[in-house]
Amino acid sequence: MEKTFVIAKPDAVQRGLIGEIISRLERRGLKLVAAKMMQVSPELASQHYAVHAGKPFYNGLIKYITSAPVMIMVWEGPNAVEAVRQTMGATKPTEAAPGTIRHDYAVEISRNLTHASDSSETAEKEIMLWFSKEEICTWDRTIEDWITGKN
Ligand code: CMP
């Protein structure tokens, strides 16, 4: 099963939207296998967002992600990367489809509530950067077949 990495960013935590984000992903049928509340250091932020270094929004992005605690998570499921990104909606909230988290709760790209890995390869790297192996909890859902079963 594919895994993906999600951050409920400082604005999501401050606005009391952690539960909403978790709830939507749970209801979708994805499985939560790791979660941790933390204050992000500038070093970790710059490693995570290395691909954006030098871009006009980079300094603001680092300031934003390190400004207050975040909740980081690993979610598992078939095509988890694509499914989670679909539930989040487009990076720019005013381009996000109605019914997505960013459409329903955000209006600014600089306060877009969540991060979700953009590919399976990125997800693997991001999970290794943010979590230790021991923090990933492998568990079975008794109703798995009712969610991910194939006929
Ligand atoms: P995220 O999915 O975490 O990946 C990179 C982040 O950079 C993105 O979400 C936004 O929070 C931020 N970002 C991307 N483009 C811009 C922009 N043009 N202005 C401000 N922030 C941006």
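Order of listing sets the numbers, starting from 1, for every ligand and every atom in it. The residues of the chain are indexed from 1 along the displayed sequence.
- At a heavy-atom distance under 4.0 Å, atoms from both the backbone and the side chain of I109 approach ligand 1.
- When every heavy atom of R102 is checked against every heavy atom of P93, the shortest pair comes out as O-CB, 3.6 Å.
- The shortest contact between atom 5 (C) of ligand 1 and any protein heavy atom is with H52 NE2, 3.4 Å.
- Inclusion of S110 in the set of residues having an N or O under 3.5 Å from an N or O of ligand 1 is not warranted.
- Scanning the protein heavy atoms around atom 9 (O) of ligand 1, the nearest turns out to be K9 NZ, 3.1 Å.
- Residue, atom and distance of the protein heavy atom nearest to atom 10 (C) of ligand 1 are N112 ND2, 3.5 Å.
- Not a single heavy atom of K92 sits under 4.0 Å from any atom of ligand 1.
- Under 4.0 angstrom from ligand 1, the non-hydrogen atoms of T91 all belong to its side chain.
- Ligand-side atoms of ligand 1 in range of Y49: 1 (P), 3 (O), 4 (O), 5 (C), range being under 4.0 angstrom from any heavy atom.
- Residue T114 has no nitrogen or oxygen atom sitting less than 3.5 Å from a nitrogen or oxygen atom of ligand 1, judged on distance alone.
- Taking the six-membered ring where tryptophan is involved, the planes of F57 and H52 are tilted, since the angle between them lies from 30° to 60°.
- The protein heavy atom nearest to atom 12 (C) of ligand 1 is L61 CD1, 3.8 Å.
- Under the 4.5 Å side-chain criterion, counting only non-hydrogen atoms from C-beta, M73 is in contact with I22.
- Geometrically, K31 engages W139 in a cation-pi contact defined by less than 6.0 Å to the ring centre and at most 45° from the axis.
- In this structure, the side chains of M38 and P69 stay at 4.5 Å or more apart for every pair of heavy atoms.
- Given atom 20 (C) of ligand 1, the protein heavy atom at minimum distance is F57 CB, 3.5 Å.
- Ionic pairing of K125 and E121 is not present here: no N-O contact between side-chain nitrogen and carboxylate oxygen is shorter than 4.0 angstrom.
- When non-hydrogen atoms are compared, ligand 1 lies under 4.0 Å from neither the backbone nor the side chain of K55.
- Atom 2 (O) of ligand 1 has H115 ND1, 3.3 Å as its closest protein atom, hydrogens excluded (heavy atom only).
- Between K9 and I65 the shortest side-chain heavy-atom distance falls below 4.5 Å.
- Y105 is not listed as a side-chain neighbour of T114, based on a closest heavy-atom distance of 4.5 Å or more.
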- Query: So E144 and T148, side chain to side chain donor-acceptor pair (under 3.5 Å) or not? Walk me through it.
  - Reply: CA-CA 6 Å; E144 192 65 43; T148 61; 2.8 Å; yes
